[in-house]
> 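To start, I am sharing the structure in question, which I have written as structure tokens.
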Protein chains: 2
Amino acid sequence: MAKRKQAVGDRISEAEHAVMEALWDASPLSAADVCDRVCAANDWSIPTVKTLLSRLVSKGAVGTEPEGRKFLYHPLIERSDYVGGESRRLVDRLFGGRAAPLFAHLAENEALSDDDLAEIEALLREMRK
Amino acid sequence: MAKRKQAVGDRISEAEHAVMEALWDASPLSAADVCDRVCAANDWSIPTVKTLLSRLVSKGAVGTEPEGRKFLYHPLIERSDYVGGESRRLVDRLFGGRAAPLFAHLAENEALSDDDLAEIEALLREMRK
DNA sequence: CGTATTCGATTACACCTGTAGCCGTTACGA
DNA sequence: TCGTAACGGCTACAGGTGTAATCGAATACG
């Protein structure tokens, strides 16, 4: 059985996503740890991070464990699930669910590096088999 | 710190995007025309569409021309610009700006049809030249 | 033992978004 | 000509989001 996915309507916002990234990168972390990792980049203060963490907890995206008297936070959803969901949403909304036009767009705008191209070719060859 | 004035470059929300799609599909259109094209699908009423159109106008994404007593609305931004911008935002946010991981994700989740694969291969061949 | 500190929890608040109602003007049909 | 339907413009309002201050309990330090 697949693990519980996010409920519809409990979308993770962009600011919350930055916090998730920190937790995916390393977990469990305390609120202060998370702040160390994201506050500077986003110009946030600690209360902001705490709010975002609370919201993520109430959305079921992050879980807590007590460590002494504080909490440690850890992700409850997989990054790949989130990323996959967001990607599919974009492809559905902008490209009628087809990935090829997205690819074409990235290609047209030179958003594809040589490395990207090589990697994609490798993936294609892989899938071919 | 004062709030910034709305200018070209404000983000288009999801609901607004649906309206933009109608205008990209055919323009100029009256508010009623737009409603004909999007109200049923989104379960909106005409006032909703009018609000969305106004917001798009104030965001500089849609322009108006008087047609008799009404207005006709037409897009001021190109669909490809919007789509490209959104795509790049996603790739930046989720994949560190690299398209290959996005591609890998779509591939892993079987979000790529055979047609997609064939098309992407063709594009790659094209770019190789 | 009492006080400063440290957390999480609660509260705040303005802006954005989705969704829609009401109002004043006006063109058109009776 | 007069009422009325149609339109655009303004208003509304709840829920989400970004951003943060404050409160109260637990703790560590002196």
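Model, not experiment: these values are computed from the prediction. Letters go in sequence order (proteins before strands), and every chain restarts at 1.
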> In this structure, are over 12 heavy atoms from other groups packed under 6.0 Å from E78(B) atom CD?
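Counting other residues, nucleotides and ligands, CD of E78(B) stays at 12 neighbours or fewer.
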> What I'd like to find out is whether the side chain of V38(B) reaches to under 4.5 Å of the side chain of E21(B), using heavy atoms alone.
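Heavy-atom side-chain distance check fails, nothing below 4.5 Å.
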> Between R89(A) and E14(B), is the salt bridge (Lys or Arg N to Asp or Glu O under 4.0 Å) condition met? List the steps.
CA-CA 11 Å; R89(A) 215 185 318 283; E14(B) 224 169 295; over 6 Å; no
> F103(B) pairs by side-chain contact (heavy atoms from CB on, under 4.5 Å) with which of D116(A), L124(A), L112(A), L106(A)?
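The passing option is L124(A).
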> Check the distance between dA9(C)'s P and R55(A)'s CZ and give it to me in whole angstrom.
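In whole Å, dA9(C) P and R55(A) CZ are 14 Å from each other.
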> What's the shortest heavy-atom distance between L123(B) and A100(A), and which atoms?
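Closest approach of L123(B) to A100(A): CD1-O, 4.3 Å.
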> Expressed in angstrom and rounded to an integer, what is the separation of H17(A) atom NE2 from dT17(D) atom P?
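The distance from NE2 of H17(A) to P of dT17(D) comes to 14 Å, rounded to the nearest Å.
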> Can you sort out which residues in residues 21-52 of chain B have a heavy atom within less than 4.0 Å of DNA chain D? Ascending by number, please.
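Going residue by residue through residues 21-52 of chain B, the ones with a heavy atom under 4.0 Å of DNA chain D turn out to be A31(B), K50(B).
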> Would you tell me if any nitrogen or oxygen in the side chain of S13(B) comes within less than 4.0 Å of OP1 or OP2 on dG18(C)?
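True: S13(B) side-chain N/O within range (under 4.0 Å) of dG18(C) OP1/OP2.
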> Tell me, with the steps shown, if H105(A) and R88(B) meet side-chain contact (heavy atoms from CB on, under 4.5 Å).
CA-CA 10 Å; H105(A) 243 286; R88(B) 244 184 323 280; over 6 Å; no
> Can you tell me the distance, in whole Å, between the CZ atom of R11(A) and the C1' atom of dC16(C)?
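After rounding, the reported distance stands at 15 Å.
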> Restricting both atoms to N or O, compile the protein contacts to nucleotides 4-6 of chain C shorter than 3.5 Å, with distance only.
none

> Once you round to the nearest 0.5 Å, how far does CE of M127(B) lie from CG of L117(A)?
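It comes to 4.5 Å.
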> With heavy-atom distances below 4.5 Å as the criterion, would you say the side chains of W44(A) and L52(A) are in contact?
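When only atoms from C-beta onward are counted, L52(A) and W44(A) do touch, with a gap below 4.5 Å.
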> Please give, in whole Å, the distance from dC7(D) P to Y73(B) OH?
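The distance from OH of Y73(B) to P of dC7(D) comes to 11 Å, rounded to the nearest Å.
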> Atom CG of L53(A) to atom C1' of dG8(C): distance rounded to whole Å?
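That distance rounds to 11 Å.
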> If I take atom CZ in residue F71(B) and atom C1' in nucleotide dA6(D), what distance separates them, rounded to the nearest angstrom?
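Rounded to whole Å, this separation is 15 Å.
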> Quick one: E14(A) CD to dG18(D) P, roughly how many Å, whole number?
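Going from CD in E14(A) over to P in dG18(D) covers 7 Å.
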> Taking side chain as C-beta onward, heavy atoms only, is Y82(A) less than 4.5 Å from R79(A)?
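With C-beta onward as the side chain, the pair stays apart.
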> L56(A) has an atom CG; how far is it from atom P of dT17(D), in whole Å?
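In whole Å, dT17(D) P and L56(A) CG are 10 Å from each other.
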